[in-house]
Amino acid sequence: MTSQPDISQPEAPEPEPAAADPAPTEPAAADPAPTDPEHSRRALPMRRPLSFVRRSNRLKPSYQRTWDAALGAELLDIPHGERDTSVAEDFHIDWAAEFGRSAPIIVEIGSGSGEAVAHAAAQNPDTDFLAIEVYKPGAAQLVSRIRRERLSNVRVAVANAPEVLDQLFAPGQVAEVWIFFPDPWHKKKHNKRRLVDEGFIERVARVLPAGGVWRLATDWSGYAVQMRSLIGASTQFKNLHARERAGEDSPLTEVRLHDLDAISMGRQPEPLELGEARDEEGGWAPRFHGRTQTDFETKALAVGRKIFDLSFIREP
């Protein structure tokens with residue numbers, strides 16, 4: 001789960017525009033995807049702002065000791081470019097050597113303190129996991145959890161996710177990609193910072209083989225609709241639950257009928273009539289059994305938010 005503000009989601013000040021920084025940032029929707037089938041690790045041009053704002057990276061002493069002990073082991077020692085979350089262009093990882101075996105790899109983007117990925121790794125010892133988290137305190141908690149639970153099948157990357165996908169994985173090398181509760185950037189002027197856009201979809205498509213699965217979850221209805229629309233429009237992905245949970249069975253219909261998003265944030269609701277609120281498209285997945293309920297999700301449910309799950313399969 002991505003480290004986010006509290007459930008009311010006040011936003012941090014905007015970072016400096018990425019255009020002023022020559023280092024790569026999150027992919028722009030207009031950026032071209034790789035067309036060379038042999039392309040494996042070349043970073044793509046990125047011209048838009050990052051999908052995250054770095055907060056304090058200060059670690060309390062116990063986490064700093066864990067960080068130092070884990071660096072180069074559970075915590076990948078990734079050389080940076082000009083930005084401390086970028087990946088040096090000449091850096092690569094041999095994943096079989098890293099984990100000491102050849103096994104399916106699942107990449108979770110925005111792992112937060114690691115509740116979801118640690119649970120999944122414990123339940124799936126024959127699968128390897130890469131947890132990507134840009135916030136150092138969250139990553140330190142995640143590493144501490146991994147070491148405490150003696151999980152040998154998890155590695156942590158503190159780096160910008162698009163660059164990790166571009167540079168550290170060959171085409172078709174990842175079995176599944178998970179993105180649970182990414183920062184919603186719910187203000188319209190900040191929507192451009194959302195992680196999932198056309199350019200990012202191309203990046204995920206590159207690392208997944210035919211039959212690979214992309215799982216997403218969010219508690220923000222606007223972002224859920226955006227992800228459903230953008231990924232659903234891609235010829236490289238198929239919604240595994242197209243037309244399911246539509247109409248009055250759709251969580252989106254319920255959110256619109258009562259304006260649950262506004263209520264959850266303490267705002268005056270503006271509910272819609274059933275005819276306007278009704279979500280005829282559906283396409284929402286059932287809750288993924290491998291996604292444990294985290295503290296963040298529990299807080300979201302407590303204030304009346306609805307959870308939207310999506311599952312897509314990579315087309316041949």
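In this text, all values refer to a predicted model and were calculated from it rather than measured experimentally.
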* Structure fact -> All heavy atoms of Ile109 vs all of Ala161, minimum pair found to be CG2-CB, 3.6 Å
* **Electrostatic pair Asp128-Arg101, nearest N-O below 4.0 angstrom** => yes
* Arg314 and Lys238, any side-chain heavy atoms less than 4.5 Å apart -> no
* If you group Ile, Leu, Val, Met, Phe, Trp and Tyr by side-chain heavy-atom gaps below 4.5 Å, do Leu230 and Leu195 land in one group? -> yes
* So, the side chain of Asn160 versus the backbone of Glu163: is there a donor-acceptor pair under 3.5 Å, distance only? -> no
* Taking 4.0 angstrom as the limit, do Asp309 and Arg215 come out as a salt bridge? -> no
* Asked: Mind checking whether Trp214 and Glu176 have side chains closer than 4.5 Å, heavy atoms only?
  -> no
* **Heavy-atom closest contact (Leu310 atom, Met227 atom, distance)** => CD1-CB, 3.9 Å
* **Residue pair Ser221 / Lys306, side-chain heavy-atom distance below 4.5 Å** => no
* Kindly indicate, with the supporting measurements, whether the criterion side-chain contact (heavy atoms from CB on, under 4.5 Å) is fulfilled by Val143 and Tyr63. => CA-CA 9 Å; Val143 169; Tyr63 282 143; over 6 Å; no
* Asked: Counting heavy atoms not belonging to Glu276, are there more than 12 under 6.0 Å from its CD?
  -> no
* Output yes when a side-chain donor or acceptor of Asp259 lies under 3.5 Å from a complementary backbone atom of Glu270, and no otherwise. => yes
* side-chain contact (heavy atoms from CB on, under 4.5 Å) between Ile78 and Gln167, intermediate numbers included -> CA-CA 11 Å; Ile78 299 176; Gln167 295 180 227; over 6 Å; no
* Of all heavy-atom pairs between Leu76 and Leu71, which one has the smallest distance, and what is that distance? -> O-CD1, 4.1 Å
* Close side-chain approach of Val204 and Leu165, heavy atoms under 4.5 Å -> yes
* To do: Return the minimal non-hydrogen interatomic distance between Gly232 and Phe312, and the atom names on each side.
  => N-CE2, 3.9 Å
* To do: Can you see which heavy atom on Arg291 is nearest to which on Ile307, and at what distance?
  => NH2-CG2, 3.7 Å
* Asked: Out of curiosity, Glu297 CD to Asp295 CG, how far, rounded to the nearest 0.5 Å?
  -> 10.5 Å
* same_hphob_cluster(Trp284, Leu257) at 4.5 Å side-chain heavy-atom cutoff -> no
* **Straight-line distance of Asp249 CG to Glu254 CD, nearest 0.5 Å** => 10.5 Å
* Is any side-chain heavy atom of Phe308 closer than 4.5 Å to a side-chain heavy atom of Leu216? -> no
* Does Gln226 offer a backbone N or O that forms a donor-acceptor pair with the side chain of Ser229 under 3.5 Å? -> no
* side-chain contact (heavy atoms from CB on, under 4.5 Å) evaluation trace for Phe129 with Ile146 -> CA-CA 11 Å; Phe129 291 82; Ile146 292 170; over 6 Å; no
* Distance-only, no hydrogens or angles: does the Arg245 side chain make a donor-acceptor pair with backbone N or O of Pro251 under 3.5 Å? -> no
* Does a side-chain heavy-atom distance below 4.5 Å link Arg145 with Glu115? -> yes
* Look at the side chain of Ser250 and the backbone N and O of Gly282, then say whether any donor-acceptor pair between them is shorter than 3.5 Å. => no
* Asked: How long is the gap from CG on Leu240 to CD1 on Ile313, to the nearest 0.5 Å?
  -> 5.5 Å
* Asked: Shortest non-hydrogen contact from Ala131 to Ser111?
  -> CB-OG, 3.2 Å
Determine all donor-acceptor pairs shorter than 3.5 Å in which one atom belongs to a side chain in residues 149-157; sequence neighbours excluded.
| unit_1 | atom_1 | unit_2 | atom_2 | d |
| --- | --- | --- | --- | --- |
| Asn153 | ND2 | Ala121 | O | 3.1 |
| Asn153 | ND2 | Asn124 | O | 3.2 |
| Asn153 | ND2 | Thr127 | O | 2.9 |
| Arg155 | NE | Glu98 | OE2 | 2.7 |
| Arg155 | NH1 | Ser152 | O | 3.1 |
| Arg155 | NH2 | Glu98 | O | 3.1 |

* Asked: Hey, does Asp279 have a side-chain heavy atom less than 4.5 Å from the side chain of Arg256?
  -> yes
* To do: Assign the ring pair Phe180 / Phe288 to parallel, tilted or perpendicular, where the plane angle (0 to 90°) is split at 30° and 60°.
  => tilted
* Please answer: with hydrophobic residues joined when any side-chain heavy atoms are less than 4.5 Å apart, are Leu130 and Val213 in the same cluster? => no
* Determine, step by step, whether Val158 and Glu133 satisfy the side-chain contact (heavy atoms from CB on, under 4.5 Å) criterion, reporting the C-alpha distance in whole Å, the side-chain angles of both residues, the deciding distance to 0.1 Å, and the verdict. => CA-CA 5 Å; Val158 181; Glu133 176 54 54; 5.7 Å; no
* Asked: Roughly how far, to the nearest 0.5 Å, is CG of Leu260 from CG of Asp219?
  -> 11.5 Å
* To do: For the residue pair Val87 and Val164, establish whether any side-chain heavy-atom pair is separated by less than 4.5 Å.
  => yes
* Asked: So how far is it from Leu301 CG to Gln293 CD, rounded to the nearest 0.5 Å?
  -> 5.5 Å
* From CD (Glu280) to CD (Glu248), nearest 0.5 Å -> 9.5 Å
* Asked: Within the distance-only criterion (no hydrogens, no angle test), does the side chain of Arg305 pair as donor or acceptor with the backbone N or O of Lys299 below 3.5 angstrom?
  -> no
* **Trp67 side chain vs Ala139 backbone, donor-acceptor pair below 3.5 Å** => no
